[in-house]
2 protein chains.
Amino acid sequence: MDTVETRELRYFIAVADELHFGRAAERLGIAQPPLSRAIQQLERRLGVALLHRNRRGVSLTGAGEVLRQEGRAALDATAAAVRRTRRAGGADGPGDTGDHLVLAVKAGAFHELLNKLLDAYANEPGAARIDVLPSGTCEQEGMLRDGRADVALMHTPFNTLAGFDSVALMTEEQVAIVPARHPLATRRTLSLADIADVPDLPLARWSSNGVFPPGPGPEVHDQTQLAQLIALGRTMTVFPESARTWLWHEHAAVPLTDAPKVTTHIAWPAHSRSRALAELVRTASRL
Amino acid sequence: MDTVETRELRYFIAVADELHFGRAAERLGIAQPPLSRAIQQLERRLGVALLHRNRRGVSLTGAGEVLRQEGRAALDATAAAVRRTRRAGGADGPGDTGDHLVLAVKAGAFHELLNKLLDAYANEPGAARIDVLPSGTCEQEGMLRDGRADVALMHTPFNTLAGFDSVALMTEEQVAIVPARHPLATRRTLSLADIADVPDLPLARWSSNGVFPPGPGPEVHDQTQLAQLIALGRTMTVFPESARTWLWHEHAAVPLTDAPKVTTHIAWPAHSRSRALAELVRTASRL
DNA sequence: AGCTGTGATACTCGGCAGGTATCACCGCGG
DNA sequence: CCGCGGTGATACCTGCCGAGTATCACAGCT
């Protein structure tokens with residue numbers, strides 16, 4: 001009586017996302033009436049109103065907001081349990097959790113560090129296989145949370161390490177990456193103020209979680225796209241200085257004097273018990 | 001098809017804990033056959049063997065070990081979602097997550113800090129109610145994880161902060177607490193070696209998660225019990241120096257020169273969005 | 001061999017998730 | 001003022017599946 005089925009959580013999350021029973025039911029692949037009843041039953045069981053029914057759509061109550069947050073976390077944890085269990089399917093002997101790791105990295109970043117890490121780890125005795133999973137910007141967190149990945153390389157302050165165990169691997173300054181032929185490229189250093197409002201070089205905007213921050217700059221989805229736009233003299237961006245490894249001839253990197261430092265962490269779900277993971281982290285922290 | 005109901009997880013965890021279908025079924029309040037079938041169905045659905053059936057009890061496969069870990073985390077997350085949603089029941093306006101916080105502290109510890117914190121927070125405008133929930137040794141982690149508490153005070157290195165957000169509040173040395181009439185009480189300082197094997201004063205053993213570490217000392221469950229045993233000259237213990245506030249006349253505290261320092265943190269579930277919590281943390285970090 | 005304890009199977013029953021059809025209610029435009 | 005479209009709720013039925021009882025199959029004892 002004081003628990004809840006994942007089905008009910010899935011249903012509620014769908015309604016909370018759509019704020020519309022019909023669309024939510026469609027998304028769930030069921031009809032609308034059972035969905036209505038399921039939500040009613042959930043509210044009865046929790047003894048709490050989750051939705052305001054306003055005769056023209058619905059809205060969340062305070063408790064509904066809470067359940068949306070917490071329920072999503074619970075669903076992620078459940079999905080993670082399923083994924084990781086399936087993945088461990090082959091490994092039979094008790095004690096170890098599986099035979100290989102999935103490492104999530106931001107696509108295109110960490111080249112140098114990643115190479116060193118994979119090399120060093122491959123030389124460890126009994127090293128497990130490592131699948132590198134390139135992910136979208138800031139997507140690593142969700143991947144760790146719902147089990148698509150076991151371990152990730154993350155950049156603070158861009159990624160939040162909330163909810164994970166992590167070890168810091170390196171810290172670096174940031175550089176502005178500008179078109180090589182632009183006047184800014186001749187500067188020895190730049191400050192954030194210098195690059196904030198350059199009319200002909202608006203800062204590129206990355207999508208984080210599918211939504212773009214406002215601003216004049218172009219919206220970019222991946223690094224290649226960004227690199228091209230910079231080479232064309234249409235935009236600029238700010239990156240950790242290790243990004244120098246992938247610069248084109250048409251790019252110039254100028255150190256930023258007052259940008260926050262960026263720290264690369266290796267992070268993993270806090271309750272992980274995998275031997276292979278522990279080994280990888282140990283290898284990483286010795287680099 | 002790629003999800004799992006909490007009921008199935010509950011069932012599996014019970015079997016994984018008991019390693020015995022009959023006892024697990026009893027614990028779950030159902031009969032044994034449905035449990036057998038549920039586990040079979042779970043294995044089919046995951047496409048993975050979870051148990052070795054050895055015609056004399058069962059044992060976990062590697063995948064089973066993984067599901068035990070991950071599944072427990074998922075169940076905790078679900079229980080937390082339910083608890084926090086219920087708690088938020090009253091609060092109706094969207095935006096905030098509830099009207100009060102549950103703060104878990106190790107019973108008997110943190111007196112001074114706790115007083116300061118609660119006083120300071122109570123003076124904040126719009127302060128929420130705070131329920132202080134005394135918990136057993138090292139039990140705060142589970143309480144945060146399954147929603148019995150929203151925020152906790154923890155001691156590193158005793159508690160692990162894995163999986164939580166936290167802010168360090170203070171660091172202190174540790175002291176040995178010995179009977180006032182014992183020869184050791186006359187020392188200005190002690191080292192860990194000095195107290196490791198005193199024949200007539202074996203170190204008390206605390207239960208952590210229900211299991212006691214091995215050793216000659218008496219098993220204690222709470223601080224009062226411990227205080228009494230020390231006063232009786234039967235045992236001694238090691239505590240952060242803030243424990244001095246609750247010492248009896250029959251106790252003496254002797255600084256330890258080489259014990260690890262203890263840091264007090266305020267910690268909370270990483271995905272928490274509560275305004276009241278943010279306020280409390282801000283207050284705490286200003287102390 | 002017989003006993004005991006293990007998990008699996010066979011079969012039945014009841015509840016509940018799900019579907020279809022319909023209602024009740026509101027807002028809107030003619 | 002009266003349809004009309006769109007909302008979520010209700011009524012009713014059906015079929016699946018979770019749970020119970022009884023029993024089996026098998027291994028290790030004595």
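Numbered from 1 within each chain, the chains take letters A, B, ... in sequence-line order. All figures in this text were calculated on a predicted structure; none of them were measured in a lab.
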task = Answer yes when A:Arg27 and A:Glu18 have at least one side-chain N-carboxylate O distance shorter than 4.0 Å, and no when they do not.
result = yes
remark   = note: B:Arg44, atom CZ; C:dA8, atom C1'; distance rounded to Å ~ 13 Å
message = Strictly under 4.0 angstrom, non-hydrogen atoms only: write out the protein contact profile of nucleotides 10-22 of chain D, one letter per nucleotide from the 5' end, B, S or -.
response = B-------SBBBB
List the atom pairs, with distances to 0.1 Å, where a side-chain N or O of residues 158-166 of chain A and a protein N or O form a donor-acceptor pair under 3.5 Å, not counting sequence neighbours.
residue	atom	partner	partner atom	Å
A:Asn159	OD1	A:His155	N	3.0
A:Asn159	ND2	A:Glu141	OE2	3.2
A:Thr160	OG1	A:Ala162	N	3.0

task = Using only side-chain N and O atoms of B:Arg53, determine if any of them is under 4.0 Å from OP1 or OP2 of C:dA8.
result = yes
key: Any pair counted as salt bridge (charged side-chain N to carboxylate O under 4.0 Å, His left out), so long as it reaches residues 149-161 of chain B, sequence neighbours left out   = B:Arg84-B:Asp150, B:Arg87-B:Asp150
Lys/Arg-Asp/Glu bridge criterion (N-O < 4.0 Å) met for B:Asp17, B:Arg72 = yes
remark   = Whole-Å distance, A:Leu51 CG to D:dG8 P, equals 10 Å
request  = Check the side chains of A:His52 and A:Thr61 for a donor-acceptor pair under 3.5 angstrom, ignoring hydrogens and angles.
outcome  = no
ask   = CD1 of B:Ile39 versus P of C:dT6: gap in Å, rounded?
value = 17 Å
ask   = Which whole-number value in Å describes the distance from A:Leu35 CG to C:dG18 C1'?
value = 11 Å
ask   = D:dA27 P sits how many Å from B:His52 NE2, rounded?
value = 17 Å
Identify all side-chain donor-acceptor contacts of residues 30-39 of chain A below 3.5 Å with residues at least two apart in sequence or on another chain.
residue	atom	partner	partner atom	Å
A:Gln32	NE2	A:Ser36	OG	3.1

Flag, side chain of B:Tyr121 to backbone of B:Ala128, donor-acceptor distance under 3.5 Å = yes
task = For B:Gln41, enumerate each residue passing the side chain to side chain contact (heavy atoms under 4.5 Å, CB included) test, keeping only those at least two apart in sequence or located in another chain.
result = B:Glu8, B:Arg44, B:Arg45
message = Near DNA chain C, counting only heavy atoms under 4.0 Å, which residues of residues 17-28 of chain A show up?
response = none
